[in-house]
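Below, chain A is the first sequence line, B the second, and so on; all start at residue 1.
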Amino acid sequence: MTNENLLSVGNIVRCFQCGTCTSACTTNSVLPEYNPRRAMEMILSTGAIPTVEEAWACATCANCAERCPRGVSAMEVMLAVRSNFADKAPEDRRIMARNIVNTGHAFNPPDGLKEIRTRLGLADVALDDENVAQVQAAVEKAGLSDIVRSTSRGGDKR
Amino acid sequence: MFVCHCGKNIAGTVDPAAVVAAAEKLPDVVFACANIYTCSESGQAELRKAIKEHNIDRVVVAACSPKMHEPTFRASIADAGLNPYVLEMANIREHDSWVHMRQPQEATQKAIDLVKMAVAKARLLQPLDPIVVPVNRRAMIIGAGIAGLQAALDIAGRGHEVILVEKTPFLGGKARLLDKSFPKVDCTSCFLSEKINKVLMNPLIKVLTLSEVTGVDGFVGNFKVKVNRKGSLVNEKCTGCGKCIEACPVQVPDEQDLGMSMRKAVFIVNTPTSKPCNAVPTDYLREIHLSRRSFNPRTAVIDAEHCTRCKECTKVCPTGAIELDEPSIEEELDVGAIVVAIGFDMFDANKKPQYGYGNYPDIMTNLELERMLHPTGPTHGDLRRPSNGETPGRVSFIQCVGCRDDTANSYCARVCCMITLKQSILLKERYPEMRVSVYYIDVRAGGKEYEAIYNKAKRLGVRFIRGRPSAIKSDGRELIVQVEDTLSGTRLEEPTDLAVLATGLQPAEDTPKIAGMLKIPRDQDGFLMEAHIKLKPVETVIDGVTVAGSCSGITDIPMSISRGHAAAAKVLTLFSKETIELEPITSFLIAEKCKGCYICTKMCPFQAIKPIEKDGKKAVQLISSSCKGCGTCVAGCPFGALDQHHFRDEQVMAQIDAALEENAKDKIISFNCNWCSYAGADFAGVSRLQYPANTRVIRVMCSGRVSTKMILRAFEKGAGMVLVAPCHPADCHYISGNEWAKKRVDSVKTLLARKGVNPDRLWFVYVSAAEGNVYQNTMIKMNDMLQKMKSGELSWGGEVAETPVAK
């Protein structure tokens with residue numbers, strides 16, 4: 001990915017640095033280092049590309065795009081960076097991905113959930129083998145298997 | 001034949017030497033040259049010299065849009081002794097070099113084609129004499145705001161009668177709501193009431209309050225305007241004593257205070273309403289003024305909408321001035337010129353719910369704050385928090401509410417920064433301890449003495465925080481402005497006692513209605529469009545109709561007054577003569593061909609064609625002075641018994657043939673109406689919107705002029721595609737020409753289908769003068785379809801002439 005690619009994402013060239021995105025940003029309210037306005041400015045003026053850490057800090061709440069008076073979406077920019085550097089995604093996110101491939105869920109259902117649900121007359125949340133196979137086939141087809149497998153830790157087991 | 005470089009504007013893309021070389025080879029062209037600027041004095045001198053030296057009798061100038069410089073060159077060739085109507089322009093700038101900047105070769109080829117078309121038409125042009133009509137030297141001004149008042153004073157000051165039409169019962173527009181105004185931060189009513197008094201005292205100015213324009217007919221020098229006048233329900237016997245107000249039991253929110261205070265259904269204004277305009281002698285107003293011997297004629301007005309007709313007021317009125325059953329009247333007034341000064345509206349702050357307006361009482365708009373600071377306002381000039389009536393210790397201004405915002409108005413309204421600076425200064429001067437904060441994106445203080453106000457505000461200690469708040473919230477106790485200070489990159493949550501939304505300004509609600517009645521196009525932001533922002537400011541495409549004040553784009557008070565002067569100057573130029581020359585582009589009758597079918601009489605929206613009987617046979621009579629020159633009847637006549645000067649059938653056909661002489665299949669013939677789509681294509685040029693270079697535009701006055709024969713001729717000659725581009729449905733400058741065009745195009749499509757030609761090759765797209773992008777997209781889409789037909793993906797249908805048939 002080059003800076004030039006990013007300039008066509010999320011209307012970024014229309015940004016006029018008003019800071020509406022930052023003050024509307026969910027992440028910024030708890031993590032001041034993540035500043036979408038500044039990220040846009042760096043892309044536009046210095047040719048920088050947001051770091052993978054920044055891109056994954058975005059909560060994808062879309063408040064920035066919703067409030068922006070210029071139709072810019074910092075979220076889309078962050079998503080573009082994530083996609084482009086998917087192989088460099090943080091470890092914990094890749095573990096989540098692996099969980100999805102293995103079980104259909106990002107997190108394994110907590111212990112005891114199945115019993116509670118049974119008591120309440122609800123179905124088990126775990127996917128059956130056929131569904132899991134479909135997820136895996138989709139991941140395979142999309143060419144994501146390598147990225148998903150490249151975690152150092154094993155992730156949750158089914 | 002003269003080719004203009006227009007500096008680099010044309011020569012940067014098109015090769016003028018190649019165009020000259022091609023023009024020289026055309027039959028009948030005796031002289032061709034290129035000039036750096038043909039419109040310059042030296043360029044025009046060359047033109048006049050060549051006309052004389054080469055005994056030229058038809059002139060083609062390939063340059064900018066004829067809407068720009070046709071009058072210039074007409075005057076120039078007239079100086080050289082030619083009839084002004086033997087000029088034809090090829091638009092190789094707006095329709096060529098500016099829209100094909102990345103295709104210089106194609107653009108040059110197109111320029112050659114456009115010149116060829118212009119020469120083909122020029123060869124057939126005929127000298128014409130202008131039509132001379134009298135000018136009614138009485139002006140109407142719509143809107144009695146500051147700009148309208150100024151225009152009225154100037155026109156009346158030169159001795160002409162003025163009718164000033166105002167929708168509300170008040171004079172002074174929005175300015176009358178203001179306490180102080182920038183740049184001097186001086187009293188608004190001091191200069192406003194002076195102008196109002198002068199208007200009221202001037203016997204030549206008839207003020208019609210509570211009146212609205214409901215229809216406009218006619219043309220420059222000779223307009224007929226329908227005005228609906230609501231009764232004020234109070235006659236001229238009123239002395240303004242105010243007893244009726246005490247008696248009135250009805251309470252309604254006062255619009256002057258934006259609903260922050262209440263008024264009765266009867267109230268006092270400073271403007272007497274006058275009797276029917278046409279029935280009353282000129283000195284009527286003077287009489288009533290003199291009888292009151294006052295510069296401030298006070299009179300009561302009853303708000304007919306809220307009045308319950310309880311008649312309590314009639315019981316107490318000492319002079320019997322109240323007439324509760326006074327009807328509204330409709331008058332038709334004859335005027336020679338119209339000044340539109342309908343002003344602006346404030347952006348509705350409710351449309352930005354993140355700022356909490358309407359939700360929290362202590363969030364108000366800048367105009368509401370203005371009323372509060374005004375001595376006649378709801379708090380008589382004291383700033384109070386609406387929630388508890390206390391003076392706020394902290395006031396926050398939020399800039400750009402509804403401006404520079406793609407989800408509201410994308411333009412900058414220019415004055416809101418100055419309003420905030422002014423108000424912040426007033427606050428700091430009255431309440432030095434108050435913390436006044438301004439949250440801004442950019443402070444735009446561009447204007448004479450404006451920067452000084454910014455400096456003054458800073459000096460007085462107003463805080464400026466560069467950041468656009470994303471929301472104003474409440475934590476249950478106080479309001480919190482959520483913003484990033486973008487200069488330090490710090491997220492702030494600043495508590496405040498009062499938040500003021502600097503709402504932007506936008507076109508007045510009535511703008512579309514007025515634009516529709518007067519046939520003035522609106523720009524992309526909805527404002528009335530001037531004919532040309534530099535060549536013809538304050539003028540519109542409709543001769544005799546000018547614009548003043550904020551209705552054509554936001555202006556501050558000094559500029560509104562200047563533009564009132566400017567509009568008046570244009571009216572006075574028109575009024576300086578007793579007659580005016582109109583373009584002689586009317587229809588004419590070839591009587592021997594008329595079969596008396598009367599189709600044309602039904603098409604003409606101006607009743608310019610009358611059915612008659614002549615020698616016992618059905619025939620028609622054409623009244624040239626009523627003809628507006630759309631040519632719809634010409635296109636509609638099945639027998640060729642009508643034609644139009646300057647847009648004759650043979651002239652347009654020659655343009656079509658010339659355009660399609662080579663590579664016809666690759667080309668798109670685009671019939672553009674003079675007022676909307678031609679101007680729209682020009683706008684695409686001015687905006688440098690790029691599209692494929694295979695378009696060949698043929699200008700007609702109205703899409704109604706495009707006949708079945710013309711469209712079929714284009715296809716016979718092998719045109720790839722044809723576009724008919726009219727004004728939007730209600731915007732036709734000739735009332736209904738575009739409706740006839742629609743019907744005609746529909747029937748031609750059926751005809752094409754019957755002939756085996758793919759009817760999708762004929763397009764019909766509405767393009768307004770502001771829709772350069774629509775024209776661009778249409779051209780791109782039409783070209784896409786053309787390419788699909790060329791690649792065999794879509795069918796041309798029927799026989800497509802590979803090489804055009806020579807005539």
Nearest atoms (heavy-atom pairs only) where A:Gly19 meets B:Thr486: CA-CG2, 3.7 Å
When A:Cys64, A:Cys25, A:Ser29, A:Cys68 are compared by non-hydrogen pairs under 4.5 Å with chain B, the top option: A:Ser29
Verdict with reasoning, A:Thr22 to B:Glu484, per side chain to side chain donor-acceptor pair (under 3.5 Å): CA-CA 6 Å; A:Thr22 301; B:Glu484 183 200 1; 3.1 Å; yes
B:Ile533 atom CD1, neighbour heavy-atom count above 12 within 6.0 Å: no
B:Arg404 (side chain) donor-acceptor with A:Pro69 (main chain) under 3.5 angstrom: no
Cationic N near anionic O, under 4.0 Å, A:Arg14 to B:Asp406: yes
Which atoms of A:Asn28 approach chain B - backbone, side chain, both or neither, heavy atom under 4.5 Å: both
Gap separating the CZ atom of A:Arg70 from the OG1 atom of B:Thr407, nearest 0.5 angstrom: 11.5 Å
Residues 36-43 of chain A: residues contacting chain B (heavy atom under 4.5 Å, by number): A:Arg37, A:Arg38
Worked verdict on A:Thr20 versus B:Arg468 for side chain to side chain donor-acceptor pair (under 3.5 Å): CA-CA 5 Å; A:Thr20 307; B:Arg468 180 180 177 274; 3.0 Å; yes
B:Asn350 CG: over 12 foreign heavy atoms closer than 6.0 Å: yes
More than 12 heavy atoms from other groups under 6.0 Å of CD on B:Gln103: yes
Nearest atoms (heavy-atom pairs only) where B:Pro469 meets A:Ser23: C-OG, 4.1 Å
